[in-house]
Structure formats: C-alpha cells, structure tokens
Amino acid sequence: MDIYTLTLTPARTRFAPSPTGHLHLGGARTALYAYLLAKQTGGKFILRIEDTDVKRTVPGAEQEIMDGLRWLGLEYDEGPDVGGPCGPYRQTERRDLYNVHASRLVQSGHAYPCFCTPERLTQMREAQQARKEAPRYDGLCRKLTPEDAAKRIAAGERHVIRFKMPHEGATVARDHIRGDISVENKNFDDAVVLKSDGLPTYHLAAMVDDHEMQITHVLRSSEWLGTFPLHVNIVRAFGWDEPIWAHLSVFLKPSGKGKMSKREAAEAIKDGHSIFVKDLLELGFTPEGVNNWCGLMGWGVPEDDVMNMDQMIQRFSIDSLTPSPAAINFAKLDHFNGTHIRLLPTADLVARIKPFFTRAGLSASDEMLTQIVPLLRERMVTLDDALELAGFFFRESVSPNAQDLIAKGLDAPRSAEIARRVYQILVGQPALSQASAEPALRAYVEESGLNVNQVFGILRVAVTGQKISPPLFESMEIIGREKILARLDAAVNALSKIV
Ligand code: GLU
C-alpha cells in the first residue's frame, strides 16, 4: 500500500441488504465502494443482513447475496456465515438489543409508546387526505403521560414505539457527497421504530447496529435521503458519534429517464444483459468486468480506465463520488468485460469457459481448451461466447445450414464440386497441418480462378458448421484430420442434395 493509504484511519464499512430479492447492480456497487474504502484504509468490510421486515423476506435471497458478493470478489471480513466480534450479523437475531435501545429512547423522553389501532390510523389518514394534508401520525399518544402509558402496557395493550421528532427548528445533517442538508423539523412524522411484534424498523435497527458494529462510514443508496434527518436525530438522541454518511447516486435505465422497471429488466435479459448479479454470472460476464463497469458509474472522475480490484482499491476516493444519477450503459459493460477477458491468463480463462462447455454436454479437455483460447480471446465479449465460437471443436459432427455451404456467386453443384476437390487435396496429406493445407489450397484457388473467400468459405462452413469462426487453418489443426475429412464429406453430401 502507498503512503496515501497509510495516512487514513482504518474504516469499518458495511453492506446491509435486506434479503427481499435478487442482488442487483445498485447493491453490488454499494458493496464495492464499501469494500474498496475498507481495504484502502486497512479496515474491515462487514455484511449485515437486515431481515426485520419478515413478511418481505424471500427464501434463498440471503444466500444469493452472499454468493454474489463472493463471486464479485467482495469477501467480507465479518458476516452471518463468517462470524466476527460484533455478531450476530442477522438483525432478527439481535432483537433483544433493539428492545433495550427502544426502552432507552422512551426513558430519555425521545420516544413513546403508541397504542393507536390500525383502524384508527386508517381513519386518521383518510381524514387527512380529505383535507388535502400529507398523511402523518397526528401525535395522539405523544401526549400521554408516562404513567398512563405504563398502565396500558402493564394491561397488555398492543403498542408500537414511535420516535419523538423535534417539532421546532431544523435538522442539519451532513452527507459526504452533498454537504450539509437542512430540513425543517415540522415536516417530520413520528416514525415507528419498534413494531408491535417487537421487531425494529430499519430506522432503529440500522442506527443501533451501525453504532454497535463501530461503523465509521455508512455508504447507502440515496433512497434513504428522505429519512436521513430522522436517522441523524435517532443517533443524536442516543448521544452517539455520527458516522460519515454518503448517499450514493441511483442508477437510471439506459435511456436516462427513470429507474429500471421490471419490464425493462426483462428486455435487457433478451439482449444478453441484466441488472441482477446472478444473471450477469450466467450470461458470461466476469466479476472484473462487472466491478470495473459499475464501479465507474458514480465514481465521479472522468476515467474510463480498465482497472482490476487492486487498482480500484488504490484509486478509489470517497471524496470524489458524485450525486448525479448514472444511466446504465450495457455497451460499456460489454467493453469492460471483453477487455478483462483479454487480460486473463490462459489457464484462468480456460477454467472460466469450461463450465459453459460442460453445461452444453460437451467434454472439453483443459489441454484442448488451452490450444483454442488464443484463437478466441480477441473475439469474446462474454465467457459464453466461447461455446458459440468454439463448440464445433468438441462436437462429433457439425450440422451447418446447407445454404451456408453454397459459395457466394456460385450454385450448389459448383460448390459441391469445390468441396469434393478440397477433400481430395486434404485427403492426400497424411499429416494435415496448417503448413501443408494452406499452401495447397491457395494453389488450388489460383489455378481454379475462384477467389479465396469462395473456397475457404465452403471449407469453413463445412468444418466448423458456422460462417464466422476462429482462424480456419489453426482451428483445423486442432480439430484433426479425421474429423475434418468426415465433415467435408458430409458437406459434399449435403450440397449434392440441394436441387
Ligand atoms: N436494508 C437496507 C436496504 O436494503 C440497507 C440500507 C443501508 O445500507 O443502510 O435498502
């Protein structure tokens, strides 16, 4: 690490997702920035699962988050499945702690029990709406004396705990990206911090945990800006030091107009892209490409540099993050992914493309993939391109579209004749290699008056089954004589059948 890093105090950062759905780009970038800051300062990166909204918890979502972070290379130092000194790291396992803290707020006069029934609250809201007022709690239970409240609690009356927001003045809260934000207190509601089931809301749980887990920097979505003053008031009510808060810009759909909707997410998939980490993995994107791409959205300095994780750790700066929303640009993702694929050492790339062959039922040996990778690398955007470009190496036979075997400007019988001739030339070569095949076929092109594209085009489609392929003669050398001859023979037959 450089001198810059050594001068920073070790940060404790956290990624605190709710397990309510797939890990998406917004989450991945928040986690990345938190990770970069922790690593840059020699600190710790923590995963905390915020699962107190039990009704919204999706089975499997927590595991998907953990798998996604690991795939991205964002290994957390503390978390539900790795433990750590501030555990447990799942909020539903920390409920006693929140109860204690809610009581503390009540005792210090910063919160109060509220006994209003859901029916009363609904009526209240409807009346407010009819009067064209913003719906908010009207403060009925705020006026109860502590003695009355205690009696009702003792009688077993169902209640929640609400935070008592100040009514006068303004709350000034500092966001590291936007500077001081000042909001008049009279606009605030007395938010519920502890629900009647004894579980906290985000407002209490996250503040308690960030304090207990000694989080120094809270990096979270700018969707929390609206309740930021409430959170700051809660932290101040406890008398705790505030962390540095940074509310990260949101991602907009590719057009730049609004956030991605379900429909657009589904459209993106059709096009081979996605905003969900697990899809990106399946679509053949690399963690390096995804991190580089989403890291630079909101990074705040106009750099389009290709960076690996170490370089991002060196260069990241929480001071340059930008508040402006970033439109998702999938073309850039393709660019970064292709670039990172080209940077991978051959053995690494072999290991990463192999599963795509295996899943397609093709047994691709490391040895053969190692030979093939140099032919593919330049042409790949995603890892699964390898299967599309090079599946023919491993198939017993190929089944080209017969029409593709017909050379440009020629008909089927003439193309069949050429294929037959090519077969004869190659069958005469006991050791069919690039060095022997290419000059012989070029000589045939010369003497026949045909052009290279016509002859090599037929050969390419016959041998690879596709019109676009890695370099032909290098590929043939890997495929081997026997398969090449069999495929040419099949091509002659297919062409002969075209009338
Ligand atoms: N659980 C919150 C969410 O998923 C996290 C917010 C935070 O990072 O504090 O939106």
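Note that ligands are numbered from 1 as they come in the structure, with each ligand's atoms numbered from 1 the same way.
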>> Heavy atoms only, cut-off 4.0 Å: how does Tyr202 contact ligand 1, side chain, backbone, both, or neither?
In response: side chain

> Is the ring centre of Phe188 less than 6.0 Å from the ring centre of His167?
Replying inline: no

> Who's the nearest protein heavy-atom neighbour of atom 8 (O) of ligand 1, and how far?
Replying inline: Arg14 NH1, 2.8 Å

> With atoms numbered from 1 as shown, which atoms in ligand 1 lie under 4.0 angstrom from a non-hydrogen atom of Glu50?
Replying inline: 1 (N), 2 (C), 5 (C)

>> Give me the residue, atom name and distance of the protein heavy atom closest to atom 5 (C) of ligand 1.
In response: Ala16 O, 2.8 Å

> CD of Glu388: more than 12 outside heavy atoms within 6.0 angstrom?
Replying inline: no

>> Between the side chains of Asp304 and Lys332, is the shortest nitrogen-to-carboxylate-oxygen separation below 4.0 Å, so that they form an ion pair?
In response: yes

> Can you tell me the protein heavy atom closest to atom 3 (C) of ligand 1 and the distance?
Replying inline: Ser18 OG, 3.8 Å

> Can you check whether Arg220 has an N/O within less than 3.5 Å of an N/O in ligand 1?
Replying inline: no

>> Measuring from atom CH2 of Trp240 to atom CD of Glu212, what distance do you get when rounded to the nearest 0.5 angstrom?
In response: 6.5 Å

> After noting the C-alpha distance and the side-chain angles of Asp175 and His247, does the key distance pass the side-chain hydrogen bond (donor to acceptor under 3.5 Å, both in side chains) rule?
Replying inline: CA-CA 7 Å; Asp175 172 62; His247 292 88; 2.9 Å; yes

> Under 4.0 Å between a Lys/Arg side-chain N and an Asp/Glu carboxylate O for Arg377 and Asp385?
Replying inline: no

>> Taking 4.0 angstrom as the limit and counting only heavy atoms of Pro17, give me the atoms of ligand 1 inside it, by number and element.
In response: 1 (N), 4 (O)

